[in-house]
Amino acid sequence: MKLISFSVGGGRPGPGALVGDSVIDLSAAGYIDTLSVIEARVVAADAKPAYKLSDVKLHAPLPNPPRVFAIGLNYREHAREAKMTLPNFPVVFFKMVPSIVGPGDAIVLPKNSNEPDYEAEMAFVIGKGGYRIAAADWKEYVYGYTIVNDVSARDIQMSTSQWSLSKSFPTFCPMGPAIVTTDEIADPHNLAISLTIDGETLQNSNTEELVFKIPDLVEYLSSITPLLPGDIVSTGTPSGVGMGRTPKRWLRPGESCTVTVEGIGSITNPVVAE
């Protein structure tokens with residue numbers, strides 16, 4: 001199933017399932033939002049399509065997760081371009097929930113940063129909570145996968161050892177277009193991942209290059225804090241970010257940024273100045 005959040009005619013967003021070009025309204029089954037669907041561990045929708053995709057607006061598929069964990073330096077080439085040592089343990093920071101936006105929403109470049117950057121990432125969503133989960137049991141706890149653009153204010157990020165604030169400006173967490181359940185992705189560690197700006201490819205890799213893969217991350221995170229249904233873990237970005245280029249290449253107003261992950265889809269967001 002492709003779990004989405006959608007609205008019609010400017011109405012309140014609600015949970016849905018995308019089947020081809022049709023949308024099934026899951027609120028008709030009693031679900032108030034996509035988090036309630038995930039908590040119920042629903043993986044299929046037994047209902048008839050209610051809308052055409054062209055007639056609805058897509059929002060971030062999970063706008064109210066308990067937490068958004070993000071993993072830094074999780075592709076070898078990205079660690080190298082950032083001139084940082086490959087970590088022995090996952091580098092974990094947070095993107096705050098108010099930074100989440102959906103497909104088509106603008107990335108707003110803040111006035112107090114001159115170095116806004118892009119990061120294409122594949123994320124996974126926890127379906128069943130748990131504490132001290134064994135890596136071998138990861139499939140029991142993961143609900144599905146989505147796309148995150150880990151937009152970052154590099155000048156703020158590099159001014160301190162704590163990264164979360166630099167990653168959490170409003171609109172700095174584009175997410176979507178859907179959460180694709182695990183039954184539809186044969187191997188999340190073999191998915192093409194790319195980012196383009198106005199059609200120019202700036203990142204192009206595969207999730208097989210992840211240093212710490214999903215089982216490692218589930219085991220590590222849950223060894224410290226119990227994972228909760230709806231927690232999002234964004235697994236890191238490949239090389240090609242603006243910070244690692246010569247000359248450095250920052251996001252600019254008027255551009256359009258697209259992240260694509262094989263089997264999940266694409267999310268496009270325009271870039272505007274604050």
Exercise. Got a sec: does the OH of Tyr131 have more than 12 other heavy atoms crowding it under 6.0 Å?
Worked result: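 Result for OH/Tyr131: enclosed.
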Exercise. Is the CG atom of Asp21 crowded by more than 12 outside heavy atoms at less than 6.0 Å?
Worked result: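 No, because the 6.0 Å sphere around CG of Asp21 holds 12 heavy atoms or fewer from other groups.
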With a 4.5 Å limit on heavy-atom distance, are the side chains of [X] and [Y] in contact?
| X | Y | answer |
| --- | --- | --- |
| Phe124 | Val218 | yes |
| Asn149 | Ile267 | no |
| Ser7 | His59 | yes |
| Asp25 | Val8 | no |
| Val142 | Pro188 | no |
| Asn64 | Asp33 | yes |

Exercise. What closest approach, in Å, do Pro229 and Leu35 show between heavy atoms, and which atom pair accounts for it?
Worked result: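 Here Pro229 and Leu35 meet closest at O-CD1, 3.6 Å.
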Any sub-3.5 Å donor-acceptor pair from [X]'s side-chain atoms to [Y]'s backbone N or O?
| X | Y | result |
| --- | --- | --- |
| Thr181 | Met1 | yes |
| Gln157 | Lys167 | no |
| Glu255 | Ile197 | no |
| Thr258 | Thr196 | no |
| Arg245 | Leu202 | yes |
| Thr237 | Ala120 | yes |
| Asn74 | Phe212 | yes |
| Lys213 | Glu208 | yes |
| Thr260 | Ser266 | no |
| Lys248 | Met243 | yes |

Exercise. Aromatic rings His189 and Trp138: how do their planes relate, parallel, tilted or perpendicular, breaks at 30° and 60°?
Worked result: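 Ring orientation of His189 relative to Trp138: perpendicular.
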Problem set entry | CA sep, side-chain torsions, deciding dist, call: Glu121, Ser234, side-chain hydrogen bond (donor to acceptor under 3.5 Å, both in side chains) | CA-CA 6 Å; Glu121 305 201 4; Ser234 197; 2.6 Å; yes
Exercise. Per the salt bridge (Lys or Arg N to Asp or Glu O under 4.0 Å) rule, which among Lys128, Arg67, Lys95 passes with Asp231?
Worked result: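 Considering Lys128, Arg67, Lys95, a salt bridge (Lys or Arg N to Asp or Glu O under 4.0 Å) with Asp231 is found only for Arg67.
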Exercise. Looking at Leu3, Ile232, Ile264, which hits side chain to side chain contact (heavy atoms under 4.5 Å, CB included) with Ile179?
Worked result: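 With Ile179 as partner, side chain to side chain contact (heavy atoms under 4.5 Å, CB included) holds for just one option, Leu3.
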